[in-house]
Protein chains: 2
Amino acid sequence: MKIPRDIVEKRMAEFLEACQRKCLKLTHQRLEIYRELAVSEEHPAAETIHRRVRRRLPTISQDTVYRNLKLLAQEGLISIVGMSHERLRFDANMGMHHHFVCVHCGLIRDFYSSNSAVATMPKEAKTFGEPVSLRLEVKGVCHGCRTRRRGKR
Amino acid sequence: MKIPRDIVEKRMAEFLEACQRKCLKLTHQRLEIYRELAVSEEHPAAETIHRRVRRRLPTISQDTVYRNLKLLAQEGLISIVGMSHERLRFDANMGMHHHFVCVHCGLIRDFYSSNSAVATMPKEAKTFGEPVSLRLEVKGVCHGCRTRRRGKR
DNA sequence: TAGCAATCAGGAATGATTCCTATTCAATTC
DNA sequence: GAATTGAATAGGAATCATTCCTGATTGCTA
C-alpha cells in the first residue's frame, strides 16, 4: 500500500526542485498534498487526499486540494488518471480498438494498430486480478486544438 | 463524423437480437438512444445523446438516457470510455507504466510490461493529433472483488 | 386485449467540483 | 529581520453531471 521510503524521498526532492524552477510557492498545504499522493500506490481521489491531509492541517479546504492537484497536473508534476474531461463517454464499437484523447478539448477517436503485440494481454496485468479488456490510451493534442493554440502565441 | 450506413445497420440488427436474447424490452426510447450512439464516431456524453434523441422523442427524460446507457454497458452491448468510477484520480508516478482498473470497486494499480512494443507509440495514433503520452488500460475484476462475488452466488 | 413487470417522465436530491471574496502568507528586497 | 506584494488560502455558496423517487405508461405474453 505504501511506496518505499527512498522513492518517496526522491519524489519529494524532485518536487521541491520543480516548484522552484516553475516559480510555484512552497506552501505548507501544497507540500502536504503532494506528499500524500507521493506515498500512495492507490491513485487516490481528491476527497481522499483532502481527508488525509486534514489530519495534519485541520483547516485545509477542499478547494485548495482541488486547485493544487489541477495545477500540479497542468505543470506536469503529477498526472490525472483517465481523461480529464470527466463526463461519462460511451462507445458502441465493441471490437478491439484504441483511443486517442485530446487533453484540451476532450475529443476521443478510435484507432486500430497493426502491431499485434499491443493486442496481447501482458502477463503483468494479471497481478491484481482477472483482466477483461485491454485498450491503449494515447493522450495528446488534436489537430484542431493545435491550430487554435498556435494562433494564440 | 458518421459511421458508414452498412456498419450502423449491422449494429442495429445485432442490438435487436441481443436485446431479445437478454429479455430487454425494445422500447422506442431504448432504440433511439442506441441508434444515436451507433451512428456517432465521437463517443458522445449522455447529455449529448439526450439532446439529439430529443429531436425525435421530445419528451424523453435525462434519467431514461442515463439509465439505458448504464444498463446497456452492464449488459455488454456498449462500453463506457475510461473508468466507470468517475471521480478524478491522481498519480505521482511520472515514469512509463500501465494501469489495471477494477470495474467493480474502482481500484487502480500500476504495472510495468517487459514487452517493449507496448511502450512504442503506434503510428496510427498520430492520425488525430500530436500524441503526448501512452498508457495501456486494462479493465478487469480485482482479487478482492472476485472473492467477494464468488461468495454471493 | 388483459395483466403485469419493465420502463418511463418529471422533478427533486445528491455528490463532486468549481467559484467567489476577504484574508493570509512565501519569497524578495532593503 | 521588517516591509512589500502577488500568489495562495479558507470557507461557504454555486454549479453541473448524475441518480433517486413516484406515479403513470407501455411492451410483451397468454
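The analysis underlying the following values was restricted to heavy atoms, covering all of them including side chains, and did not include hydrogens, waters or symmetry mates. Note that the structure is a prediction, hence the values are computed from the model and not measured.
Arg89(A) places a side-chain N or O within donor-acceptor distance of the main-chain N or O of His43(B), the cut-off being under 3.5 Å.
Spacing between atom CD of Glu32(B) and atom P of dT7(C) amounts to 17 Å, rounded to whole angstrom units. Distance CZ (Arg54(B)) to P (dC8(C)): 16 Å, rounded to an integer number of Å. Residue Glu47(B) contributes atom CD, which lies 10 Å from atom C1' of dC16(D) at whole-angstrom precision. Regarding Leu69(B), its CG atom lies at a distance of 14 Å from the P atom of dT7(C), rounded to whole Å. To the nearest angstrom, C1' of dC21(D) lies 14 Å from CD of Gln62(B). Protein atom NE2 of His50(B) is 10 Å distant from nucleotide atom C1' of dG10(C), rounded to whole Å. Atom CD of Gln74(A) is separated from atom P of dT18(C) by 12 Å (rounded to the nearest Å). What separates CG of Leu16(B) from C1' of dG27(D) is a distance of 14 Å, to the nearest Å.
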Are there any protein N/O atoms within less than 3.5 Å of an N/O atom in nucleotides 22-30 of chain C, and if so, which ones and at what distance?
{"from": "dA27(C)", "atom 1": "OP1", "to": "Leu26(A)", "atom 2": "N", "distance (Å)": "3.1"}

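Remark: Lys22(A) engages Glu75(A) in a salt bridge, criterion side-chain N to carboxylate O under 4.0 Å. One finds a salt bridge joining Glu42(A) and Arg52(A) here, because a Lys/Arg side-chain nitrogen approaches an Asp/Glu carboxylate oxygen to under 4.0 Å. A salt bridge links Glu47(B) to Arg87(A): at least one charged side-chain nitrogen sits closer than 4.0 Å to a carboxylate oxygen.
At dT7(C), one or more side-chain N or O atoms of Arg30(B) fall inside 4.0 Å of OP1 or OP2 (strictly under the cut-off). Proximity of Arg67(B) to the phosphate of dC8(C): a side-chain N or O atom is located under 4.0 Å from OP1 or OP2. Distances shorter than 4.0 Å separate none of the side-chain N or O atoms of Ser61(A) from OP1 or OP2 on dG11(D). Applying the 4.0 Å criterion to OP1 and OP2 of dT18(C), one finds that Tyr66(A) has every side-chain N and O outside that range.
Side chain Asp63(B) to base dC8(C): no donor-acceptor pair is found below 3.5 Å. With hydrogens and angles left out, the side chain of Asn68(B) and the base of dC8(C) share no donor-acceptor pair within 3.5 Å.
At a threshold of 4.5 Å between non-hydrogen side-chain atoms, the residues Leu37(B) and Pro44(B) count as touching.
Within 6.0 Å of atom CZ in Arg5(A), 12 or fewer heavy atoms from other residues, nucleotides or ligands are found, so the atom counts as exposed in its surroundings.
Across the interface with DNA chain C, nearest-nucleotide mapping of Leu71(B) and Arg87(B) shows Leu71(B) to be the residue nearer the 5′ end.
Applying the side chain to side chain contact (heavy atoms under 4.5 Å, CB included) test between Cys19(B) and each of Leu26(B), Thr27(B), Leu31(B) identifies Leu26(B) as the sole match.
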